[in-house]
Amino acid sequence: MQVVKTVSDVREAVAIARDGGERIGCVPTMGALHAGHMSLVEDCRERSDFVVLTIFVNPTQFSPTEDLSKYPRPLEDDLAKCREADVDLVFTPEVPMLYPQGFETYVELQHIPNRLEGAHRPTHFRGVATIVTKLFNIVQPDVACFGQKDYQQQTLIRRMVRDLDMPVEIVVCPTVRERDGLALSSRNVYLSESERRSALSLYASLQLAQERIQSGETDLHAIRTAMHDLMASREYVSPDYVSLADPNTLDELDTPVPHMVALVAARVGKTRLIDNLVIEL
Ligand code: AMP
């Protein structure tokens, strides 16, 4: 496994693989790798011959009040996991490599970033769209894998790739959860034991929505209130939003449709968590 820090080293390694007829796969991450990330690697392995995993805690997707400086960075552990998973190339750039002095070009979408995560984190998706575009330009993958866990993010990336004719196939992989339902997240390490117990209310509220919608209830307003109240009733939990939305546009729905998505975000103590569940009727 090669570990490189510069754009030119990535380009060189990828060019050799491509010249050998290999299909290039890419898994962008911010590191602190867990089984969710590794499920993307596994999927990417099956769809490509040369897997590039990127580890970059992207400053432009954090607001000044967020956890950029304390975001976990266990690089040696991450590299060991990558080796075990047969990753071919790990790209671990420093910030000035990707945002050199004078950087002033950003990628922005018009509609998708304005709600949900974007409403709570106004510059977040501009940072995501920009870094993913840069990584695609650097790696030039044939296929790239993202998690359903970050539902709005994958919606935005799929839209951006279509809108800008980027020649890459986007694959969305299912959310990996702990046995008790908690979605794996690099931020779960911030949770105390009692906060972690309360954090289960995010998934519980999604399941509540699924059960009530699948059993024929049509009052989505009442269901949103119940989801909110379930989370808010747990110690340490302050819900940010509860959404029952169209799975492609993320527009809020008035009545159930055959294919929809429930999304929640909440602060649990000082840690902000998100989760979602696709609901089929
Ligand atoms: P991050 O390191 O948080 O930026 O995540 C990198 C990629 O891993 C994104 O595509 C995430 O959606 C995905 N991911 C994060 N958590 C999970 C999970 N629990 N299951 C599946 N994919 C995940």
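Read the numbers this way: they start at 1 and go in the same order the structure lists the ligands and their atoms.
- Following chains of ILVMFWY side-chain contacts shorter than 4.5 Å, one can reach Met160 starting from Tyr106, so the two form part of one hydrophobic cluster.
- An N or O contact shorter than 3.5 Å links Asp150 to ligand 1 by distance.
- Which parts of ligand 1 touch Pro28 is read off a 4.0 Å heavy-atom cut-off, strictly below it: atoms 6 (C), 7 (C).
- Counting protein heavy atoms only, atom 21 (C) of ligand 1 is closest to Pro174 O, 3.5 Å.
- Figure legend: Lys70 and Tyr190 shown as a cation-pi pair, the cationic atom lying under 6.0 angstrom from the six-membered ring centre and within 45 degrees of its axis.
- The residues Asp78 and Arg73 are annotated as not salt-bridged, no charged nitrogen and carboxylate oxygen being separated by less than 4.0 angstrom.
- Paired with Tyr241 under the rule side-chain hydrogen bond (donor to acceptor under 3.5 Å, both in side chains), one option of His120, Arg224, Glu117 passes, and it is Glu117.
- When the heavy-atom distances from atom 13 (C) of ligand 1 to Leu40, Ile274, Val57, Val27 are ranked, the shortest goes to Leu40.
- Within the 4.0 Å heavy-atom criterion, neither part of Gln148 lies near ligand 1.
- Look at Arg177 and Asp275 and you find a salt bridge, because one of the NZ, NE, NH1 or NH2 atoms lies within 4.0 Å of a carboxylate O, short of that distance.
- Note: an N/O pair closer than 3.5 Å links His37 and ligand 1 by distance alone.
- Ligand 1 has no atom lying under 4.0 Å from any heavy atom of Gln154.
- Interface atoms of ligand 1 facing Leu184, defined by a heavy-atom separation under 4.0 Å, are 16 (N), 17 (C), 18 (C), 19 (N).
- Taking any N or O of Val176, backbone or side chain, at least one lies under 3.5 Å from an N or O belonging to ligand 1.
- Residue Met30 has at least one nitrogen or oxygen atom sitting less than 3.5 Å from a nitrogen or oxygen atom of ligand 1, judged on distance alone.
- Ligand 1 is never approached by Ala32 to a heavy-atom distance shorter than 4.0 Å.
- Atom 23 (C) of ligand 1 has Lys149 CB, 4.0 Å as its closest protein atom, hydrogens excluded (heavy atom only).
- Using cut-offs of 30° and 60° for the angle between ring planes, the Phe136 and Phe146 rings count as perpendicular.
- Residue-to-ligand polar distances place Gly147 within reach of ligand 1: an N/O pair is separated by less than 3.5 Å.
- The pair Asp142-Arg18 meets the salt-bridge criterion, since a charged nitrogen lies less than 4.0 angstrom from a carboxylate oxygen.
- Side-chain contact, Tyr71 with Glu66: no donor N or O sits under 3.5 Å from an acceptor N or O.
- The only option from Val3, Leu135, Ile55, Val14 that meets the side chain to side chain contact (heavy atoms under 4.5 Å, CB included) definition with Phe91 turns out to be Leu135.
- Checked against a 3.5 angstrom limit, the closest N/O atoms of Phe146 and ligand 1 fall outside it.
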